[in-house]
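The structure presented is a predicted model; accordingly, all values stated were derived computationally and were not measured. No hydrogens, no waters, no symmetry mates; every other heavy atom, side chains included, goes into these values.
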Amino acid sequence: MPLIIVPPPVPPDPPRVWPKVPVPPGKRVVWVSPDGDEFPLTDGDAYTSVTGRNGFGRVVPDLVTEGTASGAARLADYRDSPRLMRIPLVISGDDPGAYLAVHRALVASTRHRRPGQVAMGRIRVELPSGQWREIGAVYHGGLDPSEDELDDLMWSRQEHPSLEFYAPDPYFVGPEQSLVWRLASERRSFFPIYPIRVASSQVGGDATITSPGDADSYPVWEITGPGTPVITNADTGQTWGFSTEVPPGETVTVDCRPPDIAPETGLTATDTAGADWWSAFEGFPALWSIPPGSTRLVATMVGATPESRLRLSYRPRYLAGW
């Protein structure tokens, strides 16, 4: 009887592997506690932000209207309202101990009450390009979820679909911008922009400030003497200056930020010793803000020397988180 040889089965073709479409990196959202501790909410480690974030775009404004005899409303004011940001979050750990540690750390980061003040945290949005914006905020709710039996059994993962942060100032701010000019009573430039002509007792010049923001920003000026400064927004004509000379080597800081943004230093003028210089203003000062785009600045300083300095710093303000 002849032997019948059965050939081995032909192995199946390997499964076809389809190339993966590269996914660009997304935005990072980071909660920075009042103590400065950072909690990345989008990295997918202990904290994972899921679909449903909102409150980072253009806020809905408050419209202040007045009735008229014709029945139409007169728009009396247009105000951007405070911002409420919602970040649905999943907190997880490799085991119950790890879960409790990261959960308790996030809860502890929401302690905003300090003796005599409210300590603000920050929500920072980081883009793939490396640019970032942040906004002052406080915890508003969402870390007290409704639990069920399954949560008790798992004990290493919890969903927080309504985690919320409240921002009383609705504007995001970017990194600080600064410019420094040297004012000298000799023929040299008003740095860093335009060359100027100067006299022996007064120097000055104009420069262009370009704000990358899309909302008004508030400058902080530092004037180092000697000299009596006058600072003017050439586009609007708003100006402020001192009637008293800033002594040699002394620096006077003029903070144009409103007190609700800078409660401790807003709308103040102080020297390095903390002395109040508000009475040294020439009349009532128009401490002007910096609008989006370009602004032409004109500065003069009577009695300046090569040691005189003018420094401007501000943080661009934005209507949305990106």
Side-chain angles (χ1 to χ4, degrees), residues 23-60 81-175 261 263 315 318 320-322:
V23 178
K27 298 182 289 288
R28 293 184 77 232
V29 178
V30 180
W31 163 242
V32 183
S33 75
D35 295 327
D37 298 324
E38 297 192 358
F39 296 82
L41 303 181
T42 53
D43 289 359
D45 189 8
Y47 312 103
T48 304
S49 174
V50 296
T51 303
R53 291 196 302 266
N54 59 47
F56 289 80
R58 183 70 169 93
V59 297
V60 178
S81 55
R83 183 185 298 271
L84 188 63
M85 294 169 287
R86 180 170 173 265
I87 308 175
L89 194 70
V90 175
I91 303 177
S92 59
D94 295 334
D95 53 64
Y99 162 75
L100 282 176
V102 294
H103 180 271
R104 290 169 176 169
L106 184 60
V107 169
S109 74
T110 62
R111 188 177 75 89
H112 296 286
R113 189 64 187 173
R114 299 290 192 274
Q117 65 174 336
V118 176
M120 301 289 291
R122 305 191 309 276
I123 294 288
R124 187 173 68 240
V125 178
E126 301 175 356
L127 301 180
S129 63
Q131 296 177 325
W132 59 270
R133 301 175 184 181
E134 65 181 18
I135 188 169
V138 295
Y139 166 73
H140 187 262
L143 286 178
D144 184 22
S146 299
E147 295 191 25
D148 55 27
E149 293 82 357
L150 183 59
D151 294 323
D152 291 334
L153 290 173
M154 294 176 63
W155 196 237
S156 60
R157 183 181 184 275
Q158 179 65 61
E159 296 181 1
H160 300 269
S162 300
L163 178 61
E164 293 179 338
F165 295 91
Y166 176 81
D169 179 359
Y171 300 101
F172 283 81
V173 296
I261 294 176
R315 297 190 69 177
Y318 299 92
W322 51 80

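Under a 3.5 Å cut-off, the side chain of Y47 and the backbone N or O of V102 do form a donor-acceptor pair. Side chain of R122 to main chain of G136: no donor-acceptor pair is present (N/O by atom type, distance under 3.5 Å, no hydrogens or angles). The closest donor-acceptor contact from the side chain of T42 to the backbone of V29 lies under 3.5 Å. Judged by distance alone, the side chain of R83 and the main-chain N or O of G55 form a donor-acceptor pair under 3.5 Å. R133 places a side-chain N or O within donor-acceptor distance of the main-chain N or O of A320, the cut-off being under 3.5 Å.
Separating the CG atom in L89 from the CD atom in Q158 is a distance of 10.5 Å, to the nearest 0.5 Å. Atom-to-atom distance recorded for Y318:OH and Y171:OH is 14.5 Å, nearest 0.5 angstrom. One distance of note links CZ of R114 with CE of M120; it measures 12.5 Å at 0.5 Å rounding. If you take CG on L41 and CZ on R28, they are separated by 9.5 Å, rounding to the nearest 0.5 Å. Note that the CE atom of M85 and the OH atom of Y166 stand 10.5 Å from one another [nearest 0.5 Å].
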Derivation and outcome, side-chain contact (heavy atoms from CB on, under 4.5 Å), residues E134 and V125 | CA-CA 6 Å; E134 65 181 18; V125 178; over 6 Å; no

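Looking at E164 and L84, their side chains come closer than 4.5 Å, going by heavy atoms from C-beta outward. Between W31 and I123, the closest side-chain pair of non-hydrogen atoms falls below 4.5 Å. Put simply, the side chain of S109 does not reach to within 4.5 Å of the side chain of D37, judged on heavy atoms. P88 has its side chain out of reach of H160: every pair of non-hydrogen atoms, C-beta onward, lies at least 4.5 Å apart. Counting heavy atoms from C-beta outward, H112 and P34 have side chains that approach closer than 4.5 Å.
Taking each heavy atom of S156 and P96 in turn, the nearest pair found is CB-N, 4.3 Å. Nearest heavy atoms, G97 versus D95: N-OD1, 3.0 Å. When all heavy atoms are compared, the tightest approach of Y99 to I91 is CE1-O, 3.6 Å. Between P170 and S81, the shortest heavy-atom distance links the atoms CB-O, 3.1 Å. Between F172 and I135, the closest heavy-atom pair is CE2-CG2, 3.5 Å. Contact between F39 and A105 at its shortest, heavy atoms only, is CZ-O, 3.5 Å.
Applying the 6.0 Å contact sphere to CG of D45 captures no more than 12 heavy atoms from other residues, nucleotides or ligands. Within 6.0 Å of CG on D35 lie more than 12 heavy atoms contributed by other residues, nucleotides or ligands. Within 6.0 Å of CZ on R104 lie no more than 12 heavy atoms contributed by other residues, nucleotides or ligands.
By the 30° and 60° cut-offs, the orientation of the rings of F56 relative to W322 is parallel.
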